[in-house]
Amino acid sequence: MTGTTGTTGAAGNTGTGGTSGPHDRAAHDSRSFAASGRPRARGLGIPFTGTPGPCNAVTDVPGVEVGYVTLVHGSGALAVGEGPVRTGVTAIHPRGRADGRPVAAGVHALNGNGEMTGLSWLEETGSLGTPVTITNTHAIGAAHRGTIDWIVRERPEQARAWLLPVAAETWDGYLNDINGDHVRPAHTVAALDAARPGPVAEGCVGGGTGMNCYGFKGGSGTASRQVGYGRDTFTVGAFVQANFGARRELVVAGVPVGRELADDNPMETTDWFAPPGAGSVIVVVATDAPLLPGQCKALARRVPLGLARTGTSGSHFSGDIFLAFSTANAGALASSFPEGELGDDEFDTLRFVPWGRMDPFYEAVVESVEEAVVNALVAADTTVGRDGHRSPALPIDRLRALLSECPG
């Protein structure tokens, strides 16, 4: 693998390439095809339920922006501090780089063998006031520090008080020199600067660069769903950093394909020490539907149902942590120091979907998470990292053949 260091916004797609068919008529449909013309999962004809947004991405939620820094260089034997390097940083701005107002938020951990910082304060207030970053396990400090550096530069008034950034991780030590301290705070700043709306790169990019999923190359993936609500249409989007699952578990569109794709599985057939299914998954769910913090937490609790559609049973060695936020009710849920005398009408007001009307939003979470995982698998390329460790790409032609044998 040749050495590269990439900084990309949402539409950038460093680290991906590969199989593409004669889909010229639909090549510009970003719901089904990447900017390169390469098909996403939907473009391969894989059936999914629900209606995606224009980009079939978390950025379909107005204001949400995604940026990446991808670090790839070196090959051969591991030399801690030198490489090989297969890692990066992903940055998500809930309201975009220019709008630092907090959003309602909630979290849920299926299994706590992982880390997402800032959760104590988020649980206390139901409010998320910083960007979200995702990287590798041993770089979470750099992501945390880099987010502070970015806020100090871009939002000095916010930085006058305390900052408790949300930084999350999954473990890429099979491919990456994870102990080598290659992700620096400046890389996090660059990812935050690179964030853009629109189509989102998937696969071997950003924090997902060195990740594996179901014994195949995994990484970054996203999808969205539109939810009709009376006269309104809201969007639910999911972003996943997929680094979980044993090969035998993999299910695509209801078909247990992993058992039929058991060959070429070096993570399980070599002397690699981690058991099948070890890894982690971080999922960020966004919506513009007006929700209470507790309702955001309820969305986060539905993420495992979407993951389960892809086959996982949730390994003890997989840290599975999920964050959901709502961009509605702008200006509410701030936790800034009070200024001046208390006014007679100093109250926050929240508009929210009645609890009894939440089911369509739960369904949208499950559907978008399922598709986001498959998008991450479809987009990722075979990667060789430290000590010659190889993570094979999902064999697209064999997958399509297996799905065609089980129509409907």
Sort and list the pairs that fulfil ring-ring contact (aromatic ring centres under 6.0 Å, His included) and have at least one residue in residues 86-133, not counting sequence neighbours.
His93-Trp150, Trp121-Trp162

Between Thr59 and Val64, what is the shortest heavy-atom contact and its length?
CG2-O, 3.5 Å

Donor-acceptor contact below 3.5 Å, side chain Ser318 vs main chain Gly245
no

Looking at Arg225 and Glu371, is there a salt bridge between them, counting it only when a charged N and a carboxylate O are closer than 4.0 Å?
yes

Salt-bridge contact Lys297-Glu123 (side-chain N to carboxylate O under 4.0 Å):
yes

Within the structure provided, determine whether Val303 and Val281 are in side-chain contact (heavy-atom separation under 4.5 Å).
no

State, with a plain yes or no, whether a side-chain heavy atom of Thr269 is found less than 4.5 Å away from one of Arg247.
no

From Thr383 OG1 over to Asp172 CG, what is the distance, rounded to the nearest 0.5 angstrom?
11.5 Å

Close side-chain approach of Pro39 to Ser32, heavy-atom, < 4.5 Å
no

Enter the distance from His187:NE2 to Thr87:OG1 here, rounded to the nearest 0.5 Å.
10.0 Å

Mind running side chain to side chain donor-acceptor pair (under 3.5 Å) on Ser280 and Glu169 for me, showing each step along the way?
CA-CA 8 Å; Ser280 285; Glu169 56 76 27; 5.0 Å; no

Should Leu292 and Leu350 count as side-chain neighbours, where that means a heavy-atom distance under 4.5 Å?
yes

Charged N to carboxylate O under 4.0 angstrom, Asp264 versus Arg398?
no

Is there a donor-acceptor pair closer than 3.5 Å between any side-chain N or O of Thr312 and the backbone N or O of Leu307?
no

Under the criterion side-chain contact (heavy atoms from CB on, under 4.5 Å), I'd like the reasoning laid out for Phe325 against Val284: C-alpha separation, chi angles, the key distance, then a yes or no.
CA-CA 8 Å; Phe325 63 80; Val284 177; 3.7 Å; yes

Looking at Asp320 and Leu110, would you say the former's side chain and the latter's main chain have a donor-acceptor pair under 3.5 Å?
no

In short, ring-ring contact (aromatic ring centres under 6.0 Å, His included) pairs touching residues 241-265 with sequence neighbours left out are Tyr214-Phe244

Between Thr209 and Leu71, does the side-chain contact (heavy atoms from CB on, under 4.5 Å) criterion hold? Intermediate values first, please.
CA-CA 8 Å; Thr209 301; Leu71 304 175; over 6 Å; no

With no hydrogens and no angle check, do the side chains of Ser391 and Asn212 hold a donor and an acceptor under 3.5 Å apart?
yes

Using modelled atom types and a 3.5 Å cut-off, is there a donor and acceptor pairing between side-chain atoms of Thr222 and backbone atoms of Val58?
yes

Which value, rounded to the nearest 0.5 Å, describes the distance between Thr49 atom OG1 and Arg309 atom CZ?
5.0 Å

Heavy-atom closest pair (Ser127 atom, Leu333 atom, distance to 0.1 Å) is OG-O, 2.8 Å

For side-chain contact (heavy atoms from CB on, under 4.5 Å), just list the numbers for Asn56 and Asn375, CA-CA rounded to whole Å, side-chain angles, deciding distance to a tenth of an Å, and then say yes or no.
CA-CA 10 Å; Asn56 195 16; Asn375 277 333; 4.2 Å; yes

So, does Thr287 use its side chain to make a donor-acceptor pair with the main chain of Thr235 at under 3.5 Å?
yes

Any side-chain heavy atom of Phe352 sitting closer than 4.5 Å to one from Gln295?
yes

Do Trp171 and Asn136 have side chains that approach each other closer than 4.5 Å (heavy atoms only, starting at C-beta)?
no

For Arg184, check salt bridge (Lys or Arg N to Asp or Glu O under 4.0 Å) against everything at least two apart and list the hits.
Asp181

Heavy-atom pair with the smallest gap, counting every atom of Thr170 and Ile282:
CG2-CG1, 3.8 Å

Nearest non-hydrogen partners of Thr382 and Ala393, listed with the distance
OG1-N, 2.9 Å

Can a salt bridge be assigned to the pair Asp29 and Arg42 using a cut-off of 4.0 Å between side-chain N and carboxylate O?
no

For residues 357-397, pull every pair meeting ring-ring contact (aromatic ring centres under 6.0 Å, His included), keeping only residues two or more places apart or in separate chains.
Tyr174-His389, Trp272-His389

Looking at residues at least two apart in the chain, or sitting in another chain, which of them share a salt bridge (Lys or Arg N to Asp or Glu O under 4.0 Å) with Glu65?
Arg97

Could you state the interatomic distance from OG (Ser368) to CD (Gln226), rounded to the nearest 0.5 Å?
12.0 Å

Mark yes when over 12 heavy atoms from residues, nucleotides or ligands other than Glu82 sit less than 6.0 Å from its CD; otherwise mark no.
no

Would you say that Thr90 contacts Phe239 through its side chain, given a criterion of any heavy-atom pair below 4.5 Å between the two side chains?
yes

Which heavy atom of Arg386 sits nearest to which heavy atom of Asn176, and what is that distance?
CD-O, 3.7 Å

Interatomic spacing from CG in Leu122 to CG in Leu164 - rounded to 0.5 Å:
10.0 Å

Given the options His182, His138, Arg86, Asp177 meets side-chain hydrogen bond (donor to acceptor under 3.5 Å, both in side chains) only with His182

Under 3.5 Å: donor-acceptor pair, side chain of Asn179, backbone of Val80
no

To the nearest 0.5 Å, atom CD1 of Ile140 lies from atom OG1 of Thr135 at 8.5 Å

Using a 3.5 Å distance criterion without hydrogens, assess whether the side chain of Arg196 forms a donor-acceptor pair with backbone atoms of Val66.
no

Taking the side chain as every heavy atom from C-beta outward, state whether Leu399 and Val257 have any atom pair closer than 4.5 Å.
yes

Is a side-chain N or O of Arg40 found less than 3.5 angstrom from the main chain of Ser30, in a donor-acceptor match?
yes

Search all heavy atoms of Pro84 against all heavy atoms of Ala77 and return the closest pair with its distance.
CD-O, 3.7 Å

Donor-acceptor contact below 3.5 Å, side chain Thr70 vs main chain Gly206:
yes

Spell out, as yes or no, whether a donor-acceptor pair under 3.5 Å connects the side chain of Tyr68 to the backbone of Gly207.
no

Have Glu115 and Thr137 got a donor and an acceptor in their side chains that come within less than 3.5 Å?
no

Quick note, ring-ring contact (aromatic ring centres under 6.0 Å, His included) partners involving residues 284-320, not counting sequence neighbours, are none

I would like to know whether Leu323 and Val285 meet side-chain contact (heavy atoms from CB on, under 4.5 Å); could you show each step before the answer?
CA-CA 6 Å; Leu323 167 70; Val285 173; over 6 Å; no

Is any NZ, NE, NH1 or NH2 atom of the basic residue among Asp193 and Arg153 found under 4.0 Å from an Asp or Glu carboxylate oxygen of the other?
yes

